[in-house]
Protein chains: 2
Amino acid sequence: MATIYDVAQESGFSSATVSKVFNHYAGVNSLTKEKVLIAAKKIGYIPNISAQTLVTNKSWLIGVIFKEDLHQGLVHPHFGGILESFKASMEKSGYDIIFLNKNFSDLELRYLEHCRYRNVDGVLLASSPLPEKEAAAIEKAGFKCVSVENDYRNIPTVISDNYGGTKQILNYLYTLGHKKIAMVIPPLKSLAGRERFEGYKIFLKNHNLVFDENLVVECDEYTDESAKIAIERLLNKCLDNFPTAIFAGYDKIAFIIERTLLARGYFIPNDISVVGFDDLEMARSVTPTLTTVYQKRKEIGEEAARIMLKRLEGNDSFDTNTITRIPTGLRIRNSTCRARNN
Amino acid sequence: MATIYDVAQESGFSSATVSKVFNHYAGVNSLTKEKVLIAAKKIGYIPNISAQTLVTNKSWLIGVIFKEDLHQGLVHPHFGGILESFKASMEKSGYDIIFLNKNFSDLELRYLEHCRYRNVDGVLLASSPLPEKEAAAIEKAGFKCVSVENDYRNIPTVISDNYGGTKQILNYLYTLGHKKIAMVIPPLKSLAGRERFEGYKIFLKNHNLVFDENLVVECDEYTDESAKIAIERLLNKCLDNFPTAIFAGYDKIAFIIERTLLARGYFIPNDISVVGFDDLEMARSVTPTLTTVYQKRKEIGEEAARIMLKRLEGNDSFDTNTITRIPTGLRIRNSTCRARNN
DNA sequence: TTGAAAGCGCTAACAC
DNA sequence: GTGTTAGCGCTTTCAA
């Protein structure tokens, strides 16, 4: 492998000058620059990032903490989509993505250790909630953090506008005449869960509808099993006071609701409307296709990258406690229709 | 950040000794070792990988080339699933995953340059076919390659047993009485496409069925649009000689076939059976649920990791031209039934 | 069994 | 505008 000294020799200048050329220093004669570049190209010189990192303390590496309850890994339709977009944005600015893992050592702050070991410049938190303490330790150690989907103290967060999205879909149901709307709440330990539930309550208030305990039920975990249990509980609770529509806190719940109701002989949407939140690919292929809220995963990833880059440039004047909410969209499909007049 | 010198000072030994301890050298007094370890823990020492890489020329980094026609990125159900498993396996051996990208420079062998820049130890080729020349250049430059889904000269490949899988599903149809089976072939530029088509022809031969040009059609690209066109062509070609079953070269095609046929008034599976290949999550949620071939993505990723690790250990005595085929499974669902006696 | 010292490839003062 | 040189944190002879 050609080194900077080879380029120096080939071009007739010193290694310092070659370095300056490659780092776009101002004070280099343009002819010199040209000669150096030609020499470098000739011998196929590629700078060695390890050497660079050793002296500059900058690795051009962004660590990603990507673990989630569902254990779907990269294929996770939401986190995976966001990461894909974040990655693409960061690459444009010369950063590479590396996965941080917790099996790195047997100590407590394993992610932190991995950050140090790899000397990452920043960290994207794209996972189920981390202990607040662990996130804080990473940020405090000087690694610029950006979080997606979760909020941590002093770490900027990017997330879908769950309030707006909930409002969109519930208002849509309202215009269809639905006033008795049940909700299966996502785990309240997640920010999304809390915000969507909050949005639901705001909706009720805005339309002078009363909150009915028997129409809501929380899903404990982000798993199908947990969703099934929650749905069963809901259906049992409201048997004698059946809703005209159900708001599933996220699409997967909606799919299960559809199947459950169909199996019990209900017709969707005629007997009852069902809506979700996510707009997974599958929302277009289930029967009936699902009316849901579209999350702009691409935008979320891009915004997270934008904030990360700003932070990496030292432009950290803004409030790190900021939550940036990305607008959602409504996807109207076949799981909803006018409410029957009971 | 604590350095090896800090540990040396804290423990009372030299940096050389500390290094030996951390690299598990034989000739270190066990008491010395213990003292060094205690000192290291006390001051929170983490070795600096950049410095290590600079001298050892080993980065503990595996580059992944992960680009595919569908532009689904990480969320790609097949490649994403394989990568997830590969990553998990490699992490257990201390390797981290980094994405190689082609926007790295404007030169021709951009992936190669990125490999050099990051000093990766190995490369996983998990993408749509790369130019043979480019793959060869990477391998030749000393980066240990393993390919998934595609075959390159002198690079070990891991892929589903497409022959076996095709045989499984076609034999199943045969046992249901199907003898006139159409096929929508995946792009023949892909290894999977070639093997599945080959498997189809072998099946026909084994059962003394004649190959009928009008019952097969190739899909040009791995896109929904291309699939739709192919399906249209097939349906037009065999109108007067309708098959009793259709073998879709991969699940997504099968989903589109189902929708197309249903829209045209056919009943599946009563009028015609439909089968796929992949077993995507959606296969369980479309109507009717899809009978298909299950690809063991986890095993593929693990096997790729196993081969990679072997190569990294210098144990490269085996034939690098090897193709390892991972057995598939049959998933029988509701899109198939006995063939009607015409 | 341990340590001194050179060197991996690069950057950044500082001197010229 | 360009070059000299020290040093980033580590490994690895080689000597003791």
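Both backbone and side-chain heavy atoms feed into the values below; hydrogens, waters and symmetry mates do not. Convention: sequence-line order gives letters A, B, ...; per-chain numbering from 1.
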Legend entry - A:Lys58 NZ: over 12 foreign heavy atoms closer than 6.0 Å: yes
The side chain of [X] is closest to which nucleotide in this list: [options]?
X	options	result
A:Ala16	C:dA5, D:dC10, D:dT4	D:dT4
B:Tyr45	D:dT11, D:dC10, C:dG3	D:dC10
B:Pro47	D:dG7, D:dC10, D:dT5	D:dC10

Inset, instruction - Determine the contact category for B:Thr56: base if any of its heavy atoms lies under 4.0 Å from a base atom, sugar-phosphate if only primed atoms, P, OP1 or OP2 are that close, otherwise nothing. - result: sugar-phosphate
Distance, rounded to the nearest Å, where [X] contributes [atom1] and [N] contributes [atom2]:
X	N	atom1	atom2	value
B:Lys20	D:dC10	NZ	P	16 Å
A:Lys35	D:dT2	NZ	P	9 Å
A:Leu54	C:dC8	CG	P	13 Å
B:Asn57	C:dG9	CG	P	8 Å
A:Lys58	C:dA12	NZ	P	12 Å
A:Ile4	D:dT5	CD1	C1'	14 Å
A:Tyr5	D:dT5	OH	P	11 Å
A:Tyr25	C:dC14	OH	P	12 Å

Legend entry - B:Tyr45 and B:Phe22 aromatic ring geometry - parallel, tilted or perpendicular at 30°/60° bounds: perpendicular
Just to confirm, is there a sub-4.0 Å distance from OP1 or OP2 of [N] to any side-chain nitrogen or oxygen of [X]?
X	N	answer
A:Gln52	C:dT11	yes
A:Thr3	C:dG9	no
B:Asn48	D:dC8	no
A:Ser14	D:dG3	yes
A:Thr32	D:dT2	yes
B:Thr17	C:dT2	no

Inset, instruction - Examine A:Lys35 relative to A:Phe13 and say whether NZ or CZ is less than 6.0 Å from the centre of the six-membered ring and inside a 45° cone about the ring axis. - result: no
Legend entry - side chain to side chain contact (heavy atoms under 4.5 Å, CB included), paired with A:Asp151, selected from A:Ile323, A:Thr322, A:Leu125, A:Ile159: A:Ile323
Legend entry - Residue of the set A:Ile65, A:Val123, A:Leu124 for which side chain to side chain contact (heavy atoms under 4.5 Å, CB included) holds with A:Cys145: A:Val123
